[in-house]
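Quick notes on the structure that follows.
Labels below follow one simple rule: chain letters A, B, ... track the order of the sequence lines, proteins then strands, and each chain is numbered from 1.
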2 protein chains.
Amino acid sequence: MPRANSSREGVLDAFEQIVIEQGERVATLSAVAEQAGVSKGGLLYHFSSKQALVDGLLERLVELVEADLEWLGEGPESVVERFIRSSTLDGSSLDRTFTALARIVQSTDHPDIRPALARVEAAWYELVLAEVGDPDVARLVVLASDGLYFRGVLDPQAPQPDAADIDRMVQTLGRLVAKD
Amino acid sequence: MPRANSSREGVLDAFEQIVIEQGERVATLSAVAEQAGVSKGGLLYHFSSKQALVDGLLERLVELVEADLEWLGEGPESVVERFIRSSTLDGSSLDRTFTALARIVQSTDHPDIRPALARVEAAWYELVLAEVGDPDVARLVVLASDGLYFRGVLDPQAPQPDAADIDRMVQTLGRLVAKD
DNA sequence: GTCTATACATGGATAGAC
DNA sequence: GTCTATCCATGTATAGAC
């Protein structure tokens, strides 16, 4: 087989982008099709329904998360540092997919999405816990990260905290870890 | 004049409830009307458009926030404690209105809502900062609180952290304040 | 694989009776 | 102040040509 249908991925990208930048309601089939540069009919060839589009994003999330968890584990810096740093919406693929799904799940009931997002959160927590030891501190780290996400999700256009901001956050959290 | 139109408030309550429990997309005029126990026409007498409904929630937010900020300031416990404790979605009026608006603003562009929510966040930050002194710690407190909110917003049906959870969080944060 | 045309359902909003 | 009836626009989805 050639390469994962690039037109299909393009449609998914377009869907993601509109949901993030303009909201779930704006992401109609026509809008997504136009953004992806195909016709409505063309889009529906790849994704036979709106739900199929959402399912496509979910699959994408699963793949990206796997890679992310590996990445968080390896490397010299602490997991906490990498974790906090990556929870700002820097436009990485995972961030975008996560944000889009977080929005979609809020706009109407998608019973399949919630558990997936919850599983991601749980995996993150375990990874942080393994490093810092204290469950309360781990919880705080994950919550702060969620807080950063929340702001990004609330307003993806808002200015993200810069490197110095992140540094100070990590250091502040570090005071808790050091004291154990 | 008699009393703030109770039927009007009922419609607003219904709108809020559906947005929170089932998502913005489900909160159609018919659905809201039915939930409020009036007809679509009846609803539209009080709120002449969907936008008017949203505006109604915004006004409500402003009122409730004013009361909340006062409440956070007075009383014997620390602001941090009250703040964290109240950021769990216990179903208070402010929580509900905030959650509903946070969802609405994500589903399509509502230029008027974002600044209002941002102002609320800023006010909370200032209040916490005044107590803890250290901007980095204050930031962390507010972010953790946002994280709690985020989880609630993501899934209002999920089990909320109980009193003991909150206690441990406050204590953990307290270790940072004490060390200053 | 991608397009156009069209059917069908539904959401927002108006008109006017009671 | 609340209701019913109705109009209009738009979003999802199907059919079938190319």
Any residue meeting salt bridge (charged side-chain N to carboxylate O under 4.0 Å, His left out) with B:Lys40, in chain and number order, not counting sequence neighbours:
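B:Lys40 satisfies salt bridge (charged side-chain N to carboxylate O under 4.0 Å, His left out) with no residue once adjacent residues are dropped.
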Residues two or more places apart in sequence or in another chain: which of them pass side-chain hydrogen bond (donor to acceptor under 3.5 Å, both in side chains) with B:Asp68?
B:Trp124
With no hydrogens and no angle check, just 3.5 Å: does a side-chain donor-acceptor pair link B:Thr88 and B:Gln160?
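Yes - a donor-acceptor pair under 3.5 Å links their side chains.
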Length of the line joining A:His46:NE2 and D:dA13:P, which is rounded to integer Å:
17 Å
Verify same cluster id: A:Val62, A:Leu64 (apolar side-chain graph, 4.5 Å)
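Shared cluster, no.
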If only atom types and distance count, is the side chain of A:Glu34 paired as donor or acceptor with the main-chain N or O of A:Ser39 below 3.5 Å?
no
Contact letters for nucleotides 3-18 of chain C, in which S counts primed atoms plus P, OP1 and OP2 and B counts the base, heavy atoms under 4.0 Å:
BB------SBBB----
